[in-house]
Every structure is written in C-alpha cells, then in structure tokens.
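The structure under discussion appears below in the form of structure tokens.
All ligand and atom numbering here is 1-based and tracks the order in the structure. Starting from 1, each residue takes its place in the sequence as its number.
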Amino acid sequence: MSSGEAAFIAALRGLVSHPAARGLADDCAVLEFGGETLIVTHDMMVEGVHWLPEQDPADVAWKLLATNLSDLAAKGAEPIGVLLGYTLTEDNARFAAGLGEALAHFAVPLLGGDTVRSPGAQTVGLTALGRATCKPVPSRSSARAGDSVWITGPVGAAMLGFEALSSGNPSADTSVYRRPVPRLAEGRALAPLVTAMMDVSDGLLLDASRLAEASGVTLALDPRAIPLPADLPNERARDALSWGDDYELLFTLPSGAVPPCRAHRIGTVLPRGDAPLLLGEAPPAGPLGFEHC
Ligand SMILES: Nc1ncnc2c1ncn2[C@@H]1O[C@H](COP(=O)(O)OP(=O)(O)O)[C@@H](O)[C@H]1O
Ligand SMILES: Cc1ncc(C[n+]2csc(CCOP(=O)(O)OP(=O)(O)O)c2C)c(N)n1
Ligand SMILES: [Mg+2]
C-alpha cells in the first residue's frame with residue numbers, strides 16, 4: 001500500500017460494508033439503533049501536528065472537543081456525549097480544566113474514555129455521539145447539478161492565528177486557531193434544507209473537491225465570492241483557501257433556496273466535467289488542502 005492518509009482510508013474502504021459507515025466518505029457514521037438515528041465520529045490530535053508544543057493544554061482540550069462537534073454539526077446532529085482518549089503529560093490539570101470549560105460551554109456530557117502514558121508526542125482523541133435531528137441525515141454525496149454552493153463563514157483566520165502564535169506576536173487575535181466554534185445551531189437549521197453538507201477542516205478547496213467526488217458532480221467556485229478575514233493580506237488569499245482548520249459548514253442548496261442562517265453563496269454545482277473543482281474558469285493549481293502523508 002502507498003503511504004499517506006488518502007491511500008490508507010482507501011484501503012479501509014475495502015473492509016467496510018455496513019451502511020452506517022457511509023463508505024467512509026462522510027464526516028460521521030450514521031447508525032439506525034433502537035428507533036433513533038445515532039451520529040458517531042472520532043477525531044485525533046497530535047502535538048506538533050495539530051497544535052504547537054508551547055500552547056496552553058486548556059486550548060488543546062477545547063479544540064479537540066470543538067473539532068469533533070463540528071463533524072456532528074455537519075450532519076445537523078444534537079450532541080449526546082463524548083469519550084476522551086488521553087495521553088498523560090506534565091500538565092494534565094490544564095487539559096482537564098480546558099475540557100471542563102468546553103464541555104460546559106457546549107453543554108455536552110463526558111461519558112468515559114481511556115488514559116495512557118506514551119514515550120512519543122502527545123496524542124489525544126475524542127469520540128462524539130449525537131442524535132439526528134432530521135431525516136434524511138445530510139451527506140456529502142447528494143449535491144445535484146443546478147444547486148448553489150454556500151459556506152457559513154470565512155476561511156483563513158485559523159492560518160493567520162497559527163502564524164501569529166508561531167512567530168510569537170502577542171497582539172494578534174489567535175482565538176479562531178486555538179478555540180474554534182463548531183457551527184452546531186447552523187447545522188441543525190440547515191439540515192432539513194441542504195442537498196449536501198460537510199465541515200471544512202482540511203482546507204476549502206480539498207473539502208469542496210471531496211464533496212464533489214462523493215456527489216459525482218463538479219463544484220464551480222467563484223474566488224471573488226469566498227469570504228476571507230478582513231485582516232488577510234491580499235497575497236495570502238490563495239493560501240487561505242487551502243490551509244484548513246476553518247470549521248465552517250460547506251453546503252449545497254436547491255437553486256433559489258435561501259439559507260436560514262448567515263452564509264455566503266460561493267458557487268454553483270455543475271454536471272460532472274473533467275475535474276471535481278473549478279476555481280473561476282479552471283481547476284485550482286497548487287495544493288488543495290492539508291493531508292497527513
Ligand atoms: N483509522 C480509520 N478507521 C476507520 N475509518 C477512518 C479512519 N480514518 C478515517 N476514517 C474515515 O474516513 C472518512 C474520512 O475521514 P476524515 O477525512 O478524517 O473525515 P473528517 O474530516 O470528517 O474527520 C471518514 O468516514 C472517517 O470515519
Ligand atoms: C502546529 C500545527 N501545524 C499545522 C497545523 C495545520 N493543520 C494540521 S491538521 C489540519 C487539518 C485538520 O486535521 P485532520 O487531522 O485532517 O482533521 P479531520 O479532517 O480529520 O477532521 C491543519 C489545518 C496545525 N493546526 N497546527
Ligand atoms: Mg477525521
């Protein structure tokens with residue numbers, strides 16, 4: 001098997017037959033169970049890969065919970081509870097304090113987990129359980145030609161926050177990078193209306209091309225319509241589309257439908273052409289987003 005995230009997940013797809021797995025091509029598993037529809041997701045974070053070693057562990061805990069809740073938001077789900085996988089360090093108290101703050105903020109109960117010691121970089125993981133609030137549960141695979149493409153907010157603020165933290169700029173607002181806010185209310189409001197929905201974690205261009213591939217369509221994005229942070233330098237506009245860590249919701253609506261929450265129309269769904277994604281007139285050049293390789 002070739003190395004890298006995409007190749008490994010492709011190999012895992014050969015092991016998957018349960019419909020709840022959605023072919024490992026969605027943000028969450030969608031499990032019919034006891035008359036309910038459970039929404040289940042698990043995301044991990046690693047020191048040096050997902051956060052800087054000098055960051056406050058309280059912010060790491062917040063981000064771990066928020067990024068998992070963002071996957072629930074993309075399915076319009078209401079959180080039920082979470083399980084934590086934790087590697088011990090020198091400062092476990094700050095992590096616990098930050099987790100407590102985030103659990104209270106999002107009103108989500110901690111249900112259990114596991115704790116280990118490890119000789120390597122700290123790794124943390126979280127499983128989030130949710131309940132579907134509408135059926136069908138939105139997927140990445142139901143966008144149709146003629147739909148409009150929308151996003152709930154700007155991309156690129158986390159990149160600026162990361163760069164400010166890395167360069168030790170004390171006056172910059174780094175909160176979007178350190179403490180993202182999952183779009184739970186927006187996801188619930190949008191779920192009955194969207195034709196497809198996902199959250200944007202790996203970069204708008206990569207995640208939009210994944211939605212296009214899952215739906216068998218081409219997404220044509222208008223670069224001038226994509227919302228960017230007010231303080232983004234012009235020359236960083238292309239980087240903002242592919243850096244990632246944005247945690248906004250990307251969704252498609254039938255032509256003419258209006259979203260019930262703040263959102264920006266950024267493009268149109270076309271019948272599938274040669275490429276899954278157009279940025280302006282052509283497929284985007286350069287990196288589309290973040291991948292573990
Ligand atoms: N180690 C793994 N085992 C099983 N499924 C996995 C694994 N890694 C990723 N997946 C699945 O592959 C799909 C894509 O994963 P990913 O890109 O991480 O999604 P997301 O950005 O929503 O977290 C998801 O359905 C996820 O559940
Ligand atoms: C220290 C540090 N370096 C680089 C990044 C950039 N980065 C790392 S992972 C990632 C994307 C999200 O991570 P992933 O594990 O792919 O989450 P998933 O898509 O599975 O939710 C980004 C933008 C970062 N967040 N922190
Ligand atoms: Mg993931």
Review point. So, E78 and R188, do they make that salt bridge, N to O below 4.0 Å?
Key: no
Practice item. May I ask you to identify, for D26, whether its side chain, its backbone, both or neither come under 4.0 Å of ligand 1 on a heavy-atom basis? Key: backbone
Study note, to complete from the structure: Per-atom filter on ligand 1: closer than 4.0 angstrom to a heavy atom of D71 are 22 (O), 23 (O)
**Study point:** ligand 1 N/O within reach of D202 N/O, cut-off under 3.5 Å
**Key:** no
Check your understanding: Of W51, Y247, F290, which has the heavy atom at the shortest distance from atom 1 (C) of ligand 2?
Key -> W51
Check your understanding: Does any N or O in the side chain of T87 come within less than 3.5 Å of the main-chain N or O of T123, such that one atom is a donor and the other an acceptor?
Key -> yes
Review point. Applying side chain to side chain donor-acceptor pair (under 3.5 Å), which residue pairs with at least one partner in residues 189-200 are found, sequence neighbours left out?
Key: S70-D199, D147-T195, T195-T252
Check your understanding: Side chains of N68 and V82: closer than 4.5 Å at any heavy-atom pair?
Key -> no
Study note, to complete from the structure: Among M198, R140, H292, E5, the residue with a heavy atom nearest to atom 19 (O) of ligand 1 is R140
Practice item. May I ask you to list the atoms of ligand 1 that are less than 4.0 angstrom from any heavy atom of D43? Key: 23 (O)
Check your understanding: Which option, V16, T67, I9, owns the non-hydrogen atom nearest atom 15 (O) of ligand 1?
Key -> I9
Revision key, fill the gap. Counting from 1 in the order shown, the ligand 2 atoms closer than 4.0 Å to a non-hydrogen atom of S201 are 11 (C), 12 (C), 18 (P), 19 (O), 21 (O)
Practice item. Could you list which atoms of ligand 2 come closer than 4.0 Å to a heavy atom of D43? Key: 18 (P), 20 (O), 21 (O)
Check your understanding: Would you say the side-chain atoms of H105 pair up with the backbone N or O of E101, donor to acceptor, closer than 3.5 Å?
Key -> no
**Study point:** Lys/Arg N to Asp/Glu carboxylate O, D202 vs R210, below 4.0 Å
**Key:** yes
Exercise for review: Would you mind listing which atoms of ligand 1 come within a distance below 4.0 Å of any non-hydrogen atom of S201?
Suggested key: 21 (O)
Exercise for review: Could you tell me whether some N/O pair between H292 and ligand 2 is separated by less than 3.5 angstrom?
Suggested key: yes
Practice item. Give a yes or no on whether a salt bridge exists between D27 and R22, defined as a side-chain N under 4.0 angstrom from a carboxylate O. Key: no
Review point. Does even one non-hydrogen atom of T67 get within less than 4.0 Å of ligand 2?
Key: no
Enumerate, atom names and distances included, each donor-acceptor pair closer than 3.5 Å involving a side-chain atom of residues 286-293, sequence neighbours excluded.
none

Point to revise | Check ion pair D91-R94 (N to O, under 4.0 angstrom) | key: no
Practice item. Could you tell me whether E32 and K135 make a salt bridge, using a distance below 4.0 angstrom between a side-chain N and a carboxylate O? Key: yes
Review point. Which atoms of ligand 2 have any heavy atom of G244 under 4.0 Å away?
Key: 23 (C)
Practice item. Could you tell me whether D245 approaches ligand 2 through its side chain, its backbone, both or neither, with non-hydrogen atoms closer than 4.0 Å? Key: both
Study note, to complete from the structure: Restricting to heavy atoms, the pick from V200, D199, V49, D71 nearest atom 5 (C) of ligand 2 would be V49
Exercise for review: Determine whether any heavy atom of E291 lies closer than 4.0 Å to an atom of ligand 2.
Suggested key: no
Review point. Does R13, backbone or side chain, put an N or O under 3.5 Å from an N or O of ligand 1?
Key: no
Revision key, fill the gap. Output for pair (W243 CH2, F162 CZ), nearest 0.5 Å, gives 5.0 Å
Practice item. Compute the shortest N/O to N/O distance between D202 and ligand 2 and return yes if it is under 3.5 Å, no if not. Key: yes
